[in-house]
Amino acid sequence: MLRIILLGPPGAGKGTQAHKIIEQYRIPQISTGDILRHETKIQSDIGIKAQEYMSKGALVPDDVIIAIVKKRLLEKDCVNGFLLDGFPRTVGQAEALRDANIDIDAVILLEVNDDEIVERLGGRLVHPASGRVYHIHTHPPKSAGIDDVTGEPLIQRQDDKEETIRQRLRVYHSQTSPLIQFYQSKLIEVDGEKSTSEVFADIQAGIQKIV
Ligand code: ADP
Ligand code: AMP
């Protein structure tokens with residue numbers, strides 16, 4: 001059983017590391033951002049509502065997000081654990097997990113400074129269907145604008161504009177960073193500014209200590 005939370009500012013590398021973690025530990029990735037973008041794409045009621053907040057770089061209200069995650073965690077593939085990527089993002093969301101008796105084994109905090117975040121997100125390219133991420137300079141796809149695996153086009157996220165990135169960082173520092181204190185006893189701190197493979201090695205070393 002391995003129940004992990006990936007915590008860190010937008011652009012810290014949560015999605016990048018999540019793909020490696022789920023492959024290694026055979027647990028599902030639950031990315032609330034990916035779920036919301038899917039809902040937006042199919043224009044469901046939740047998606048239409050969420051879009052307003054996401055495009056401004058604001059957080060979607062706790063009640064909406066908590067309901068989505070609780071439902072997802074009841075699915076069969078979560079019996080041996082799960083990786084929460086981008087949830088919780090407020091103390092209210094963390095309290096909702098605790099109050100639902102959903103235990104967490106470890107919280108991995110990826111630490112990256114704000115200037116590096118702006119640089120990373122400004123150059124991020126995404127394959128929406130899989131959640132695979134690239135960077136225009138530091139991790140380019142083999143063929144410009146095309147996903148390596150499927151050959152489908154890559155996109156730049158609407159909220160990866162500098163002004164919205166700065167807003168998302170403000171939201172992180174005010175609403176999400178209090179979770180570092182909340183999860184103090186379960187925290188595995190990782191320097192997210194190292195290379196992707198070094199970060200993954202540090203994450204594995206951290207998980208090794210708790211299993
Ligand atoms: P998050 O899911 O935390 O928002 P991503 O995994 O999408 O972050 O990464 C944001 C951007 O930073 C992407 O363009 C990705 O390629 C790049 N990136 C991720 N990890 C690293 C790293 N260790 N060093 C440099 N760039 C990285
Ligand atoms: P992400 O893909 O994790 O960068 O999330 C993109 C956007 O989705 C965020 O800027 C929020 O608007 C919304 N979002 C994702 N996860 C949450 C969450 N746990 N709580 C509130 N809003 C969220």
Side-chain angles (χ1 to χ4, degrees), residues 5-22 29-41 46-47 49-70 72 83-97 108-113 115-128 130-141 147-148 154-161 164-172 174-176 179 190-203:
I5 291 173
L6 262 183
L7 184 65
K14 299 185 294 298
T16 301
Q17 296 300 329
H19 285 105
K20 293 173 177 287
I21 295 169
I22 63 170
Q29 172 194 10
I30 301 174
S31 158
T32 43
D34 284 350
I35 294 171
L36 292 171
R37 277 183 292 277
H38 173 74
E39 294 296 326
T40 301
K41 195 171 170 208
I46 286 177
K49 194 173 173 195
Q51 200 166 14
E52 272 177 57
Y53 297 93
M54 294 169 81
S55 63
K56 287 188 292 198
L59 294 181
V60 172
D62 279 357
D63 56 341
V64 175
I65 282 287
I66 290 165
I68 291 174
V69 173
K70 276 192 181 169
R72 179 64 186 84
L83 175 67
L84 290 172
D85 163 9
F87 179 94
R89 256 180 161 95
T90 64
V91 171
Q93 294 175 14
E95 286 171 347
L97 274 186
I108 298 165
L109 172 66
L110 294 180
E111 297 178 297
V112 176
N113 80 69
D115 290 339
E116 170 77 12
I117 295 294
V118 174
E119 165 58 31
R120 285 186 184 185
L121 292 185
R124 175 162 69 178
L125 295 171
V126 186
H127 178 243
S130 66
R132 264 187 296 282
V133 287
Y134 300 84
H135 188 280
I136 206 158
H137 302 304
T138 59
H139 178 41
D147 177 46
D148 290 349
L154 300 174
I155 59 141
Q156 182 165 31
R157 269 170 52 176
Q158 251 190 2
D159 56 352
D160 281 347
K161 307 190 282 269
T164 318
I165 296 168
R166 298 262 178 216
Q167 175 58 22
R168 286 156 65 206
L169 276 170
R170 278 194 286 275
V171 167
Y172 174 77
S174 63
Q175 301 192 57
T176 306
L179 292 178
V190 173
D191 178 359
E193 293 184 14
K194 293 188 189 173
S195 73
T196 302
S197 51
E198 286 171 314
V199 172
F200 184 53
D202 289 350
I203 291 175

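Atoms within each ligand, like the ligands themselves, are counted from 1 in listed order. Residue indices begin at 1 and follow the sequence shown.
Side-chain atoms of Glu193 do not come within 3.5 Å of backbone N or O of Glu111 as any donor-acceptor pair. With hydrogens and angles ignored, the 3.5 Å screen pairs a side-chain donor or acceptor of Glu198 with a backbone N or O of Ser195. Not one N or O on the side chain of Gln17 forms a donor-acceptor pair closer than 3.5 Å with the backbone of Gly13. For the pair Thr32 (side chain) and Gly86 (backbone), a donor-acceptor distance under 3.5 Å is present. Looking only at distances, a side-chain donor or acceptor of Gln156 sits under 3.5 Å from a matching main-chain atom of Gly122. Of the possible polar contacts, one joining the Arg120 side chain to the Ala12 backbone as a donor-acceptor pair under 3.5 Å is found.
Here the NZ-CD1 distance, from Lys20 to Ile203, works out to 9.5 Å after rounding to the nearest 0.5 Å. To the nearest 0.5 Å, the span separating NZ on Lys41 from NE2 on His38 amounts to 8.0 Å.
Across Asp85 and Ala18, no two heavy atoms sit closer than the pair OD2-CB, 4.0 Å. Listed here is the closest heavy atom pair of Leu169 and Pro9: CD2-CB, 4.2 Å. In terms of heavy atoms, Leu36 sits closest to Ala50 at CD2-CB, 3.9 Å.
In this structure, Lys56 has no heavy atom closer than 4.0 Å to ligand 2. Not a single heavy atom of Pro10 lies less than 4.0 angstrom from ligand 2.
Applying the 4.0 Å criterion to heavy atoms of Arg157 picks out, from ligand 2, the atoms 1 (P), 2 (O), 4 (O), 6 (C). Of all atoms in ligand 2, numbered sequentially from 1 with element shown, those under 4.0 Å from a heavy atom of Arg168 are 4 (O). Taking every non-hydrogen atom of Gln93 and a distance limit under 4.0 Å, the qualifying atoms of ligand 2 come out as 18 (C), 19 (N), 20 (N), 21 (C). Those atoms of ligand 2 that come under 4.0 Å of a heavy atom in Ala58, given as number and element, are 11 (C), 12 (O). Short contacts between ligand 2 and Thr32, defined as distances under 4.0 Å to a heavy atom of the residue, involve ligand atoms 15 (C), 16 (N), 17 (C), 19 (N). Of all the atoms in ligand 2, the ones that sit under 4.0 Å from a non-hydrogen atom of Arg37 are 2 (O), 6 (C).
With sequence neighbours left out, the salt bridge (Lys or Arg N to Asp or Glu O under 4.0 Å) criterion links Asp160 to Arg124, Arg168.
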Check ligand 1 for N or O atoms under 3.5 Å from a protein N or O and list each pair with its distance.
residue, atom, partner, partner atom, Å
ligand 1, 2 (O), Gly15, N, 2.8
ligand 1, 3 (O), Gly11, N, 3.4
ligand 1, 3 (O), Ala12, N, 3.2
ligand 1, 3 (O), Gly13, N, 3.1
ligand 1, 3 (O), Lys14, N, 2.8
ligand 1, 3 (O), Lys14, NZ, 2.9
ligand 1, 4 (O), Gly11, N, 2.8
ligand 1, 4 (O), Arg124, NH1, 3.1
ligand 1, 6 (O), Gly15, N, 3.3
ligand 1, 6 (O), Thr16, N, 2.8
ligand 1, 6 (O), Thr16, OG1, 2.6
ligand 1, 7 (O), Arg124, NH1, 2.6
ligand 1, 8 (O), Gly13, N, 3.2
ligand 1, 14 (O), Tyr134, O, 2.8
ligand 1, 23 (N), Lys194, O, 2.8
ligand 1, 23 (N), Thr196, N, 3.4
ligand 1, 24 (N), Arg120, NH2, 3.3

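Of all protein heavy atoms, the one closest to atom 8 (O) of ligand 2 is Met54 CE, 3.4 Å. Protein heavy atom in closest approach to atom 22 (N) of ligand 2: Val60 N, 3.0 Å. Protein heavy atom nearest atom 15 (C) of ligand 2, with residue, atom name and distance: Arg89 NH1, 3.5 Å.
Within the 4.0 Å heavy-atom criterion, neither part of Ala50 lies near ligand 2. At a 4.0 Å heavy-atom cut-off, ligand 2 touches Ile65 through the side chain alone.
Of the listed residues (Leu6, Val69, Leu36, Val126), the one carrying the non-hydrogen atom nearest atom 14 (N) of ligand 2 is Leu36.
At most 12 non-hydrogen atoms from other residues, nucleotides or ligands lie less than 6.0 angstrom from CD of Gln158.
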